[in-house]
Colleague: 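Quick one: the structure is below, questions incoming.
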Amino acid sequence: MNDLNMKSLEAKVVVLGSQGVGKTSVVIRYVGGMFSKAVSPTIGASFFTYKLTLEQYRVKLQVWDTAGQERFRSMAPMYYRKANAAMLVYDITSLESFYDIKDWVKELKKNVDTPIVLCLLGNKSDLESGRKVSTEDAAEYAASIDALFYETSALKNTGIEDAFLQVSKQLIHLYETVPNSGMGSLIPSQPASDMFASDQPLTLPDRKEVESAGQRSGNCPC
Amino acid sequence: MAAEVREAEQIGNTSDSDSVQTELLETNEIPGKSENALLVATDSFEDLNYAGLTNGTLPTVSTSGTIHSLVKKKARRASALLDENEAAGDNTASSDETTNAVDQESSEVSGEDSQEDHLESRLTDLSLNETESLPEEIPMTQLIPTSSDIEDVNSLEWKQQRRHIFIISESGKPVYSRHGSEDKLVTIMGVMQALVICTHDFQKDTLRSIVAGDHKFVFMCRDHLTFIGITRGRESTQQMLLQLTYMYNQVISVLTLSTLTRIFKQHRNYDLRRPLSGAEKFFDNLLNLMDVEPGLLLSSVRCLPLDSSVRENISHSIVQHAKVKDLVFALIIAQNQLVTLVRMKKYYIHPMDLHLIINLINASESFKAAESWTPICLPKFDACGFLQAHVSYLDEECHTCLLLLSVDIEAFYILSECKAKIKERLVRYNALKAINDSLRRNSYSIQQCSISDLRHFLYKSRSIAQYTSPELEAPYHTKEEQQRLFDLYHYLHDRIHTSGRQLKILFHVGPYETLLGWVTQGFELYAVFGPLVTKTIAIHAVNKLLRWIKKEEDRLFILSSVTF
């Protein structure tokens, strides 16, 4: 590939979710290519970078792996500010962790005014026997918030690569279609009008509605 | 063991002060003395007294803390910039956010629970009565003991723990217990809180300590929390109080005083374990650290022995590459020892705060995975706000940890660049290798002082709040013997410092060793000799030791303070 034709892109990805759903394991699996049973709880947030080449782009992902512990909850804005993508991780064996995603989405919607790629990850998919969140419900919910959706297993290394790849693709798409996406440049961007800031408000289904038919509000480009 | 020592005390020869003082002062030069200190030189132990701890002197929670003034300065700078360039409207919001961030902290912590707690708070007054009137729970025989019940209060293992530490909220809710799960200790914690409350309400007095058999109970009430320490060891009441103060500081370090106060103002009955969840390991680790690290008792810090030229080089690298606005402290810590500390002019770090930082590093594996960005409150620096810490390890083996503490919540990327440059330079000048070599050498052996019969010592230079001590070698190579040695130091420290009768010099002959404690304006020295050493020999040896420390002081201590 000709180096001269390559464009570069830098994007901030924040990983959010409840305590113990495996955010760090997912990130370490993706960035470091390994799995450790003894991952200790994250303090504050850890910062990783990952570089990949995709569609004429050299993409540099700045991954913020946040702490799920309650006491860091109020620090979250510091970490998701100016994020271009958010990985929302829940544990398929914990209904609670799935419901917590709703709060995160609400919060992101309120506080992030630049376009942001959302990706819902149902982690620990290897623990099928203890499953509490059905794939259908999660997929429906993901569609309703215009998010990508993958079920992943950091242990078995399934879904994670795909998820980050699709997020990167969407980031490139965002970069190409939305001039002020805030990516790859240091110039502060103006509040942009884009597909996520459409007139149509993003409605989040309640717990009951997750099971019922979720409205497809999105024009998801993938 | 305790009985033996006590016996020895009676037959032993314990002399103090004046008689030997003239013989002692051979040297005028105090090893490790420096006018240019980098740590706050205080004796936390002597600061401790109940008068200052009871509710009367609650520090007022205001926004005038150190961090606030630093942030304000920064905001002023930012707004000045903005006036010049009003077009950058987008930035206004972000700078406002920065200004408020420290004050806002975690209002959500208490907010989220409001519904649940609203109910609870109405029941607050009842809850204490409930705790007191729990006789139906006490006759355990009526209950079928499940295996988990046996594990706790009634288990021999639990009862035989050398030391227990409890934290209880004002309304009697368990917050923390060193051993056993808080849930199962609710009853015993209720009783303890009842004792505190009864003394306070009915006797108009404060419960300080209880001695029952082998056990000593020490109570400390601060900011809606009751800290209780129970020990079978040789710690004195004041030493237990110091430990409880460290626990209190650790709570503040996680939550900040303003959050803690706000939580209990809004909901007296709040379950503090929620915001503290995940921080239990810091409490556990801190208590473990107290058992092996004399620096906490001496309220001083141990430095990694390094040639002064190497250390200078390291601090110079930091000054050169981390000259960033709003960076308050930059420090390198290697295996609980301070390598270097660079500070903003006018601002000092307190040894107690530094111990909390060391504890944070020591207890968290997660920093080893990647660069981290985390809030930390240093209670002695500013109890009401968070500093932001950029934490990273400089070497592959994760021995050497760099911390950059800033008041700017946006500074991560800048500090990350600083870190890369500092690391590059430290590698280029072989400074990381020097640190690793020093770590491998395991400090120094007592042999190096070449003083026969001197087994171990602690030397603290008071002006710089740093101490030095040799490796623990035979006969103190087993856990039991190390514990015994620490007990001896606790005893010596207590005898010398106990406020009623402060001593300058204490010579103590025990069954297994002879102790000499000596405290002057400039230093504190605690030396442990073999059992057959006489007073004259000990005094001679101590003088020789002081000369040796003086000779080595550039390597053992950080004598000059570097600022940005």
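Quick caveat, the model's predicted, so the values are computed rather than measured. Residue numbers begin at 1 in each chain, while the letters A, B, ... track the order of the sequences.
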Colleague: Give, as side chain, backbone, both or neither, the part of B:Ala389 having an atom under 4.5 angstrom from any heavy atom of chain A.
Modeller: neither
Colleague: Tell me every residue that passes side-chain hydrogen bond (donor to acceptor under 3.5 Å, both in side chains) with B:Gln335, counting only those two or more places apart in sequence or in another chain.
Modeller: B:His399
Colleague: Given the options B:Lys281, B:Glu365, B:Glu371, which has more heavy-atom pairs under 4.5 Å with chain A than any of the others?
Modeller: B:Glu371
Colleague: Measure centre to centre between the rings of A:Trp64 and B:Phe412, then say whether the value is under 6.0 Å.
Modeller: yes
Colleague: Determine whether a donor-acceptor pair (N or O, by modelled atom type, separation under 3.5 Å) exists between the side chain of A:Lys82 and the backbone of A:Val112.
Modeller: no
Colleague: Using non-hydrogen atoms only, which part of B:Lys368 is less than 4.5 Å away from chain A: side chain, backbone, both, or neither?
Modeller: neither
Colleague: By number, which residues in residues 16-31 of chain A have some heavy atom less than 4.5 Å away from chain B?
Modeller: A:Gln19, A:Ile28
Colleague: Under 4.5 Å, counting heavy-atom pairs only, tell me which of B:Leu360, B:Thr374, B:Leu276 racks up the most with chain A.
Modeller: B:Thr374
Colleague: So does A:Glu107 pair up with A:Arg73, basic N to acidic O under 4.0 Å?
Modeller: yes
Colleague: Is the backbone of A:Phe164 close enough, under 3.5 Å, to the side chain of A:Ser168 for a donor and an acceptor to pair up by distance?
Modeller: yes
Colleague: Taking the six-membered ring for Trp, are B:Tyr246 and B:Phe227 closer than 6.0 Å centroid to centroid?
Modeller: no
Colleague: Tell me every residue that passes side-chain hydrogen bond (donor to acceptor under 3.5 Å, both in side chains) with A:Asp162, counting only those two or more places apart in sequence or in another chain.
Modeller: none
Colleague: Could you list the residues that satisfy side-chain hydrogen bond (donor to acceptor under 3.5 Å, both in side chains) with A:Ser125, not counting sequence neighbours?
Modeller: none
